[in-house]
Amino acid sequence: MPSSVIPPVPHYESAPVTTEHLEYADLAVIDISQANSAEGRAQLALKVRDAMSTNGFFYVVGHGYSSDQMKRMFDIADVPFSRVNDEEKQKYVAQTKQTGSYQGYKLRQYWHIDGGVRDQIENYNINHDVTRRTHPEAVRPLLPEISQLAFHSHMNVLHPILRLLALGLELPEDTLVNLHKWESQSETYVRFMKYYPRHSEDEEKTNGVWLKGHTDFGTISILYSQPVAALQILTRDSEWKWVEHIENAIVVNAGDAMEFLSGGYYRATIHRVVQPPPDQRQYTRLGIFYFCMTDDDVRLVPLVASPLLQRVGFKRWFEKDEDAPLMSEWRKARTSAYGQTALLKSNTEARIEEEVINGVIVKHYN
Ligand SMILES: O=C(O)CCC(=O)C(=O)O
Ligand SMILES: [Fe+2]
C-alpha cells in the first residue's frame, strides 16, 4: 500500500441481531486455522465432505480477519451505494446482458422476481484483480483494502477449502487449487450487495421472496456473515431453513461448477433470500461476498482421477468432454440470462421454473 493513512469512511450501522425464533439450518463449523497442518487437514476434510453431502452449506471460522477488520470492511462495502450519486452509478453500470459479466453496478429493478415485481437490490461487483476496470471516485481510495480482502478470501479461505474438497475426493490436495490461481484470468470477484426494504404490496405479490431460490454458478461462494436474517437454504428434505448469523464467521457453499467438477458429488445447494423477521424489517441489509470461479479456460468435466468417484460413481452432464462448457462459457450464459429470460413452469413441480442453459436445465424456486 502506498500510504499508511487509512481513508476515513462513514460507519454503516447494521441491524441488531433478531430476537425472533427462526428454524435455523444445523450447519457444521469449520475452524480453518486447523488446516495449517496435514493432520488437521485430514480431519477437516472428512468434516467438510460430510457437510457437503448433507446441507451443502457450512461456516468457516478462524480465517484470520478480526471482527474489527470485518466491521471496517462493512463500512467500505456501503460506500458504492451511499457515497456515489445516481448519475455516477449510471456510468459504472455492468453491461451484464451483452458481456455476461456482473462487473460494475447492478442497480435496483434489474431482475424480475415474480408477478411483475422487480428486485430492490443493488450490487457493486469488483473483479479480484481490482485494476481490471475503473471505479467510482469514492471507491478509489478504498481499492487497496478491497484488493486485500479479495487476496485474503482467495488465499486464506478459498484455497484451504479447495484443498479439503480435493482431499475429500482422495485427489492430490492441490488439484482444485491449481484450477483457481490468484494470478489467472478469471471472473472470481468481490460483491457488495445492499437490499432495501420493500413495499407491502411487493411482499404480497412475491410471497416475501426477495431473491428466488437458485444455485450459484461458480465453484465456491464465500459470504461474510451479517446480522439480518433472510438467507434460507433448501434442505435435502425439501424444507426451507434459515441461515443463522455468527459474528465474524463466513458462510460457504458450492455452486454449479463444483457440482460439474465433482461429477455431482459436491452438490450446489439451492438457497434464496426472503423478507427478514419483523424486528429487522425496517433495516437495509448489506452483504459482502467473494464469488469464486475456476480460471476462465477450465472445462467443467468430472475429475475422473478421483478414486472416490470411481468407487461411488459420478454423473456426467455431457456425453463427450468436449461438449462440456468452459468456466467462462457457463458463467456468461448463466449471468446474461439471470432474472432476464422468461422462465417456464416445470412439468414436475409447481413452484419450480426452468430455463435451459448450454443444454443443462437450470431451476429457479419460488
Ligand atoms: O444475500 C444473501 O445472503 C445471498 C445472496 C445470494 O444468494 C447470491 O447473491 O447469489
Ligand atoms: Fe446465491
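Counting begins at 1 with the first residue of the sequence. Ligands are counted one by one from 1 in listed order, and the atoms in each one are counted from 1 as well.
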Taking [X] first and then [Y], would you say they form a salt bridge - that is, a charged N and a carboxylate O separated by under 4.0 Å?
| X | Y | answer |
| --- | --- | --- |
| Asp174 | Arg163 | yes |
| Asp78 | Lys194 | yes |
| Lys241 | Glu239 | yes |
| Asp119 | Lys106 | yes |
| Arg299 | Asp321 | no |

*Can you get from Tyr12 to Val17 by hopping between Ile, Leu, Val, Met, Phe, Trp and Tyr side chains that sit under 4.5 Å apart?*
no

*List-wise, which protein N, O or S atoms are found short of 2.8 Å from the Fe ion (ligand 2)?*
His214 NE2, Asp216 OD1, His271 NE2

*So, do His152 and His63 have ring centers that fall under 6.0 Å from each other?*
yes

*Scan for salt bridge (charged side-chain N to carboxylate O under 4.0 Å, His left out) pairs involving residues 81-96, sequence neighbours excluded, and state none if there are none.*
Lys89-Glu122

List, one per line, each side-chain donor-acceptor pair under 3.5 Å for residues 300-312, sequence neighbours excluded.
residue : atom : partner : partner atom : Å
Ser306  : OG   : Leu169  : O            : 2.7
Ser306  : OG   : Leu308  : N            : 3.3
Ser306  : OG   : Leu309  : N            : 2.9
Gln310  : NE2  : Val304  : O            : 2.8
Arg311  : NH1  : Glu170  : OE1          : 3.1
Arg311  : NH2  : Glu170  : OE2          : 2.8

May I have the N/O to N/O pairs between ligand 1 and the protein that fall below 3.5 Å, each with atom names and distance to one decimal?
residue  : atom   : partner : partner atom : Å
ligand 1 : 1 (O)  : Tyr195  : OH           : 2.5
ligand 1 : 1 (O)  : Arg285  : NH1          : 2.8
ligand 1 : 3 (O)  : Arg285  : NH1          : 3.4
ligand 1 : 3 (O)  : Arg285  : NH2          : 2.9
ligand 1 : 7 (O)  : His214  : NE2          : 3.1
ligand 1 : 7 (O)  : His271  : NE2          : 3.1
ligand 1 : 9 (O)  : Arg191  : NH1          : 3.1
ligand 1 : 10 (O) : His214  : NE2          : 3.1
ligand 1 : 10 (O) : Asp216  : OD1          : 3.1

